[in-house]
Amino acid sequence: MSDSTFYVTTPIYYVNDAPHIGHGYTTVMGDIITRWHRQRGENVWYLTGTDEHGQKVLRKAEENGVSPQDWVDKLVEDEWRPMLATIDVANDDFIRTTEQRHIDGSKAFWTALYERDAVYKGNFEGHYSVSAEEFVSEEDVAEGEGDDEGFKVSKLDGSRVELVAEENYFFRLSDYQQKLLDLYESQPDFIQPESARNEVISFVSRGLRDLSISRSTFDWGIEVPWDDKHVMYVWIEALLNYATAVGYGTDPERFAKVWPADIHLVGKDIARFHAVIWPAMLMAAGEPVPHRVFAHGWLLVGGQKMSKSKANGIRPDELVDTFGSDAYRYYFARALTFGSDGSISWEDINARYHAELANGFGNLASRVAAMIGKYFDGVLPATGAVTVPEQMVIDVVAKAVAEADAAIEAIAPHDALNAIWRIVDELNGYLTEQAPWKVAKDDPDSDRLATILVTAAEGLRVLAVLLNPVMPMSSAALWDSLGAEPSLGALDAQRIDDVATWGQLPAGTTITKPPSLFPRIEAPAE
RNA sequence: GGGGAGGUAGCUCAGCUGGUUAGAGCACGGGACUCAUAAUCCCUCGGUCGCGGGUUCGAGCCCCGCCCUCCCUACCA
């Protein structure tokens, strides 16, 4: 395990969409998990990217009078890459499905399917909705009214559908029902959380039909290697990115090292594609299946699923502009149970920003640095004897570290933050009880004052390390304030395994009061 | 129709295989303190655990029925 690569993916985002906090959510959570694993000293590979083929993109490009390639290039550079920068994501790779490596890899994958007889040519006929880019089943097709008079429309979204009959290639998904059920049985955490697993098992248990996986009515896609009249159906092709990005079909050595993925993070709407079709395709191609598919819930704004069409989509940069990327990352990780639906609101992020980040954590860093500055001229003194209250702090820290680490392992960043925050609360309480300002006045010659402040500084050191995966900016500022780098090295080089070891900051370390980590925002924007 | 998840303090949520007076955070009210970003610490207030039955010595957790919300039920990134 230690010499393999911890490989995590997000869905690749459809370029036509405008980035909203839903995209940001998945990506940030993956970033927190992967940064944490790096902080453990593991080899990590974090992939995200964009899905750029398909009829919808083609038509959009035509509407805008540009070539599809120019269209997607623009969207990627103007919208998607900037979003990653906005929310401070440290992905190792960014794959675009229009890249040569993906094209070559996808063709290689299809060739493998073909050679293994997992694909055959058949006829497919049905009502196709261009805007939804899907075939609509018969029971969901209705006669149009009003503007759509004379057309058939989809009951699902009201879009017009066209009767399409074409020769397609099919994937023998029906062969995999039992194999998939066996997978869910033998690898119980393959699809998480439990609710997603139940739905997937129920779906597969009802039987699987073969899947139409190519299109021949347009050409904005990857050619089927043995038949240039067909392009791969965008959904099927998009799934392949997880393999092609790490060398499938182009760099076998690299692929063997990184694959299978440890975690595919997905929204629960696309859990089925990842937990049913994707593993079946991998089995068909003779490749190992991923370890885990984790389906997270919806972000609810005012009780409704956030989405572009409901006009309650929020762009990540709106929040980041006010609260900063650290608070953004913190909020989504802390306020929501990853895997369940959860409510978000401007009021809530504002409240948590002030209560937890500014008053709780930021102020703690501030008061400790201020006292070391005031009583010791900013030079960390040598500690005196550790007494019962100090030991309690040490114990709380050790327990919190272990719990946070276990929570990340369980893909529960919210629990990790809850555990970490017990350190914040413990330190604030410890300072109030020990009242170093009082000791400074009443008993300035004892070593109690030094002991108390060293203990608090050590606590901050731990927090800087533990929070680095979640809030890299402020953690770096805190690390800097603690003057830790000269003696302990870079923040990123600190290891979770060692972080709870007490007494790492040496006496003589220069502590400076940091600028407010999370300054209060007096007039929250509407 | 079938299946999944949920309905717990004003708000957002915890409550594992049923066990004494149902918890947390925030908000509200009171007090302490002054190192700090008027921050911190302590305490109070606050719930018929959707509704109605049942099983049990005992149920928020189990069973039955009902109401409400959301999701899945194949090619919706």
Side-chain angles (χ1 to χ4, degrees), chain A residues 10-17 22-23 26 50-51 54 124 126 128-129 131-137 154 156-157 159 168 171 173 193-213 233-236 238-239 266-274 276-277 297-298 300 303-305 334-337 340-345 347-348 351-352 354-375 414-415 418 421 425 427-433 435-440 452-453 456 513 515-520:
Chain A
T10 71
I12 51 174
Y13 301 114
Y14 204 56
V15 278
N16 263 7
D17 293 340
H23 302 117
T26 317
T50 44
D51 177 13
F124 187 83
Y128 187 77
S129 162
S131 67
E133 203 165 83
E134 63 173 336
F135 280 94
V136 179
S137 60
S154 163
L156 302 176
D157 60 2
S159 62
N168 286 164
F171 169 60
L173 182 61
E194 197 67 25
S195 54
R197 181 169 190 266
N198 291 339
E199 284 189 356
V200 165
I201 289 176
S202 147
F203 176 79
V204 174
S205 298
R206 261 174 274 146
L208 297 171
R209 294 204 296 270
D210 289 347
L211 215 54
S212 157
I213 56 171
Y233 174 53
V234 64
W235 242 114
I236 299 305
L239 285 168
V266 300
K268 67 181 183 182
D269 52 333
I270 55 174
R272 209 182 58 231
F273 289 85
H274 289 79
V276 179
I277 298 171
W298 299 132
L300 305 176
Q304 285 205 306
K305 179 193 167 190
R334 179 87 195 268
L336 301 164
T337 298
S340 303
D341 293 355
S343 304
I344 59 167
S345 68
E347 291 70 24
D348 192 39
R352 285 182 182 273
H354 288 98
E356 294 163 10
L357 294 177
N359 300 349
F361 175 46
N363 181 57
L364 173 66
S366 185
R367 67 197 298 212
V368 171
M371 282 190 278
I372 293 171
K374 185 168 183 176
Y375 303 130
H414 53 287
D415 284 338
N418 280 330
W421 233 255
D425 293 338
L427 289 173
N428 272 322
Y430 169 78
L431 287 175
T432 297
E433 282 174 28
W437 49 90
K438 210 171 164 191
V439 175
I452 295 164
L453 294 179
K513 186 167 174 179
S516 288
L517 260 27
F518 301 95
R520 298 184 65 80

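Every chain is numbered from 1, with letters handed out A, B, ... down the list of sequences.
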Original post:
Are A:Ile236 and A:Phe171 close enough, and set up right, to give a side-chain contact (heavy atoms from CB on, under 4.5 Å), and what steps lead you there?
Top reply: CA-CA 10 Å; A:Ile236 299 305; A:Phe171 169 60; over 6 Å; no
Applying a 4.0 Å non-hydrogen cut-off, can you work out what [X] is touching in the nucleic acid: base, sugar-phosphate, or nothing?
X: A:Lys374; result: sugar-phosphate
X: A:Ile213; result: nothing
X: A:Lys513; result: sugar-phosphate
X: A:Phe518; result: base
X: A:Gly342; result: sugar-phosphate
X: A:Ser345; result: nothing
X: A:Ser195; result: sugar-phosphate
X: A:Asn428; result: sugar-phosphate
X: A:Ala370; result: sugar-phosphate
X: A:Leu431; result: nothing
X: A:Asp348; result: nothing
X: A:Arg352; result: nothing
X: A:Gly207; result: base
X: A:Ile236; result: nothing

Please report the distance separating the [atom1] of [N] from the corresponding atom of [M], rounded so that it comes out in whole Å.
N: B:rU17; M: B:rC28; atom1: C1'; result: 38 Å
N: B:rC70; M: B:rC75; atom1: P; result: 22 Å
N: B:rC41; M: B:rC66; atom1: C1'; result: 49 Å
N: B:rG2; M: B:rC64; atom1: P; result: 14 Å
N: B:rA5; M: B:rC13; atom1: C1'; result: 16 Å
N: B:rC49; M: B:rU8; atom1: C1'; result: 4 Å
N: B:rU55; M: B:rC63; atom1: C1'; result: 7 Å
N: B:rA39; M: B:rU34; atom1: C1'; result: 10 Å

How close or far is atom [atom2] of [N] from atom [atom1] of [X], stated in whole angstroms?
X: A:Asp415; N: B:rA14; atom1: CG; atom2: P; answer: 10 Å
X: A:Ile270; N: B:rC71; atom1: CD1; atom2: C1'; answer: 15 Å
X: A:His354; N: B:rA27; atom1: NE2; atom2: P; answer: 11 Å
X: A:Met371; N: B:rU40; atom1: CE; atom2: P; answer: 14 Å
X: A:Glu199; N: B:rA5; atom1: CD; atom2: P; answer: 8 Å
X: A:Trp235; N: B:rA77; atom1: CH2; atom2: P; answer: 5 Å

Return the nearest nucleotide to the side chain of [X]; candidates are [options].
X: A:Ala355; options: B:rA36, B:rC26, B:rA39; answer: B:rC26
X: A:Leu173; options: B:rA77, B:rA36, B:rA74; answer: B:rA74
X: A:Glu356; options: B:rG25, B:rU34, B:rU73; answer: B:rG25
X: A:Arg209; options: B:rU37, B:rA74, B:rU40; answer: B:rA74
X: A:Trp437; options: B:rC33, B:rA74, B:rC13; answer: B:rC33
X: A:Ser366; options: B:rU73, B:rC75, B:rU37; answer: B:rU37
X: A:Tyr14; options: B:rA77, B:rC41, B:rA74; answer: B:rA77
X: A:Ser343; options: B:rA74, B:rC13, B:rC75; answer: B:rC13

Name the pairing partner of [N], where a pair is Watson-Crick or G-U wobble with both distances under 3.5 Å, or state none.
N: B:rC70; value: B:rG4
N: B:rU44; value: none
N: B:rC26; value: B:rG10
N: B:rG18; value: none
N: B:rG65; value: B:rC51
N: B:rC33; value: none

Subject >> Closest-nucleotide ordering on RNA chain B, the 5'-leading residue of A:Glu194 and A:Gly360 >> reply: A:Glu194
Original post:
Taking for each residue the nucleotide of RNA chain B with the nearest heavy atom, is it A:Ala196 or A:Lys268 whose nucleotide lies nearer the 5' end?
Top reply: A:Ala196
Original post:
Please walk me through it: do A:Val266 and A:Phe273 pass side-chain contact (heavy atoms from CB on, under 4.5 Å)?
Top reply: CA-CA 10 Å; A:Val266 300; A:Phe273 289 85; over 6 Å; no
**OP:** Answer yes or no as to whether B:rA77 has its base stacked against A:Phe273, where stacking requires a ring-centre separation under 5.5 angstrom and planes under 30 degrees apart.
**Re:** no
Original post:
Would you say the side chain of A:Asn359 and the base of B:rA39 hold a donor-acceptor pair, judged only by whether the two atoms sit under 3.5 Å apart?
Top reply: no
Original post:
Relative to each other, are the rings of A:Trp235 and A:His274 parallel, tilted or perpendicular (30° and 60° limits)?
Top reply: perpendicular
Original post:
Think A:Asn198 has a side-chain N or O under 4.0 angstrom from the OP1 or OP2 of B:rA5?
Top reply: yes
Subject >> Check: A:Thr432 side chain, A:Asn428 main-chain N or O, donor-acceptor pair, under 3.5 Å >> reply: yes
